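Okay, so here's the structure we're looking at.
Everything numeric here is computed off the predicted structure, so don't read it as measured data.
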Amino acid sequence: MSASASRDEVVLPGRADGSAPATGRGVRTAWAEAALAVAAFAALCAMVLSVAPQTAEPDDGAYRASIVAMTEGHFLTLSTTQAETLARKLGDNPAAPPNQWVELANGRYISEKDPGYPFLAAPFEALGIIRWAPLFYGAFACLGLFIGARRWLGRFGGLAAVGLYCSSGAALAFAWRDYMPTFTDASLIAAGSGLLLWSLLATEASSRRRTWAGLAGFAAIEIATFVRYTNIVILGCAVVAVIVAWRLRATRLPLGTLCWWLASVAVFAAGVASFDDLVYGGPLTTGYQPGEVTFGLGAIGPNLRILPAHLMQAMPMLVLGLIALAWIIVRWLVLRRADGEAGAVARRDLWVGLSVAASWFAIWGLYSAYTWTTDPTNVTVQVVRFYVPALGAIALLGAWLVTRVPGRAWRAGLTSAAIITALFGLGVWSFYAMYAAFSVPLSG
């Protein structure tokens with residue numbers, strides 16, 4: 001096998017989902033897998049909606065004020081009188097602007113929080129269905145993960161990725177928070193990651209389909225970055241991944257498609273810079289005051305001591321993701337010189353695994369240096385929200401592991417269902433335990 005062929009041969013032969021050509025049984029299996037994935041998402045929705053809504057932190061109130069202001073026609077800033085009226089209406093910091101709102105240089109007020117989520121949630125607030133806002137974007141996450149994981153992993157890969165994503169305590173805990181953006185931006189990242197994965201691996205699809213699917217993937221991650229600016233590290237990983245894939249000809253990505261994707265990112269960056277300059281007074285300025293949000297290398301040590309226990313409680317599937325990544329690397333080391341399908345699959349899995357893991361480690365690496373989370377008195381639900389954007393990447397890697405059961409295909413399906421069921425039980429316990437530790441009792 002030549003070196004160039006070795007680089008190009010990264011896709012399993014057969015159908016677009018990586019399985020064998022379609023048969024009657026294969027179609028029935030695909031429908032059954034999709035139905036089970038829908039059931040996993042429905043279980044998430046049922047669990048979240050069965051618990052009465054309430055405000056858990058001041059952050060919820062700050063976002064709620066922005067969302068309600070938008071439904072009243074105030075899309076950017078409010079005057080002092082308008083802000084105080086809004087605070088009285090919501091019972092949030094009466095006789096003053098809402099909590100965690102700041103005064104700009106022009107004397108007007110705006111939430112210090114990053115501005116994207118109110119634009120996404122305001123239509124749901126206007127319709128009186130704000131509880132469905134995070135779940136709506138969660139449905140997109142499940143769709144993107146299903147498409148991308150099934151293309152990469154074949155049968156039951158989509159089910160495994162969706163089930164793992166929906167079953168964690170972190171997903172349940174933040175999908176329940178109507179006015180918090182945490183589950184929404186994580187879901188947009190998961191959806192975008194799945195769509196980009198499909199776009200890169202579906203070499204048999206037309207260039208137009210791959211271009212549009214990839215644009216949708218980048219748009220989802222860009223919107224997530226507008227919701228939480230630190231997600232820019234995940235967007236950066238996506239940009240690097242597609243450039244490397246094109247450069248190495250690993251996925252036969254047309255140059256025109258790559259240019260469209262990168263142009264989307266450039267337009268987004270220019271748009272956010274213009275927005276910040278218009279609203280906050282500078283292209284790199286946000287609502288947070290200087291020194292309010294700080295990162296430092298000195299925070300890494302304390303965070304490494306404090307956070308693992310919190311992360312394990314909120315998203316135990318991270319163990320599956322780490323094992324999968326290690327297995328993928330070892331498998332590639334064993335098969336790196338092998339010809340034929342086994343070697344090609346090992347190379348493809350290494351490339352995909354490293355790309356997915358990069359986004360996971362980028363966001364977690366960034367927040368490992370976050371000084372606020374070094375406080376040992378913080379409880380799990382306070383600190384893990386910064387790490388939830390990696391939920392989709394962890395689910396994809398974990399899905400690789402649970403679908404690699406040797407033997408007949410039904411064993412992989414049975415293993416996936418069993419693991420997801422067990423993790424759902426653990427996730428429900430975590431959901432209640434995290435808020436109990438935060439003195440927020442959950443009720444039906």
Side-chain angles (χ1 to χ4, degrees), residues 55-131 133-134 136-137 174 177-185 188 219-232 235 266-294 372 385-386 389:
T55 298
E57 297 181 76
D59 303 63
D60 301 68
Y63 280 109
R64 183 190 180 198
S66 297
I67 293 166
V68 172
M70 282 194 179
T71 65
E72 296 176 349
H74 306 295
F75 286 93
L76 295 178
T77 61
L78 278 70
S79 67
T80 302
T81 301
Q82 290 171 332
E84 291 175 350
T85 300
L86 178 63
R88 286 194 299 270
K89 176 182 176 180
L90 300 179
D92 182 9
N93 201 23
N99 282 308
Q100 298 185 355
W101 277 50
V102 294
E103 184 178 9
L104 300 173
N106 59 9
R108 295 180 68 83
Y109 282 85
I110 192 171
S111 171
E112 69 178 10
K113 305 297 182 182
D114 291 338
Y117 184 60
F119 288 95
L120 301 178
F124 296 89
E125 175 73 19
L127 294 171
I129 53 172
I130 187 63
R131 298 212 69 190
F136 175 81
Y137 296 103
F174 292 103
R177 302 269 286 274
D178 312 335
Y179 291 104
M180 281 289 284
T182 308
F183 186 68
T184 295
D185 71 284
L188 289 167
I221 300 174
E222 289 159 7
I223 295 171
T225 303
F226 190 45
V227 171
R228 185 182 295 276
Y229 282 177
T230 50
N231 289 332
I232 193 170
L235 180 60
V267 170
F268 166 75
V272 171
S274 300
F275 180 93
D276 289 347
D277 187 52
L278 172 67
V279 176
Y280 301 116
L284 300 178
T285 306
T286 70
Y288 290 103
Q289 300 302 308
E292 185 175 356
V293 177
T294 57
W372 185 81
R385 60 190 172 101
F386 305 108

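Residues passing the salt bridge (Lys or Arg N to Asp or Glu O under 4.0 Å) test with R177, sequence neighbours excluded: E57, D60. Applying the side chain to side chain donor-acceptor pair (under 3.5 Å) criterion to R108, with sequence neighbours excluded, gives T77. Residues satisfying the salt bridge (Lys or Arg N to Asp or Glu O under 4.0 Å) criterion with R88, sequence neighbours excluded, are absent altogether. Under the rule for a salt bridge (Lys or Arg N to Asp or Glu O under 4.0 Å), E292 has no partner lying at least two apart in sequence or in another chain. The side chain to side chain donor-acceptor pair (under 3.5 Å) check on N99 picks up D92, with sequence neighbours excluded. With sequence neighbours excluded, the residues forming a side chain to side chain donor-acceptor pair (under 3.5 Å) with N231 are D185, listed by chain and number. Shown here are the side-chain contact (heavy atoms from CB on, under 4.5 Å) partners of V102, two or more places apart in sequence or in another chain: I110, E112, Q289. Residues satisfying the side chain to side chain donor-acceptor pair (under 3.5 Å) criterion with Y179, sequence neighbours excluded, are E125. L235 is linked by a side-chain contact (heavy atoms from CB on, under 4.5 Å) to F218, I221, E222, T225, V265, F268, counting only residues two or more places apart in sequence or in another chain.
Applying the side chain to side chain donor-acceptor pair (under 3.5 Å) rule to pairs touching residues 270-288 yields Y229-D276, sequence neighbours excluded. Residue pairs meeting the ring-ring contact (aromatic ring centres under 6.0 Å, His included) criterion with at least one member in residues 70-124, sequence neighbours excluded: F124-F136. Within the structure, the salt bridge (charged side-chain N to carboxylate O under 4.0 Å, His left out) test picks out the following pairs touching residues 71-82 (sequence neighbours left out): E72-K89.
Of all heavy-atom pairs between A62 and K113, the closest is CB-CG, 4.3 Å. In terms of heavy atoms, M180 sits closest to D59 at SD-CB, 3.6 Å.
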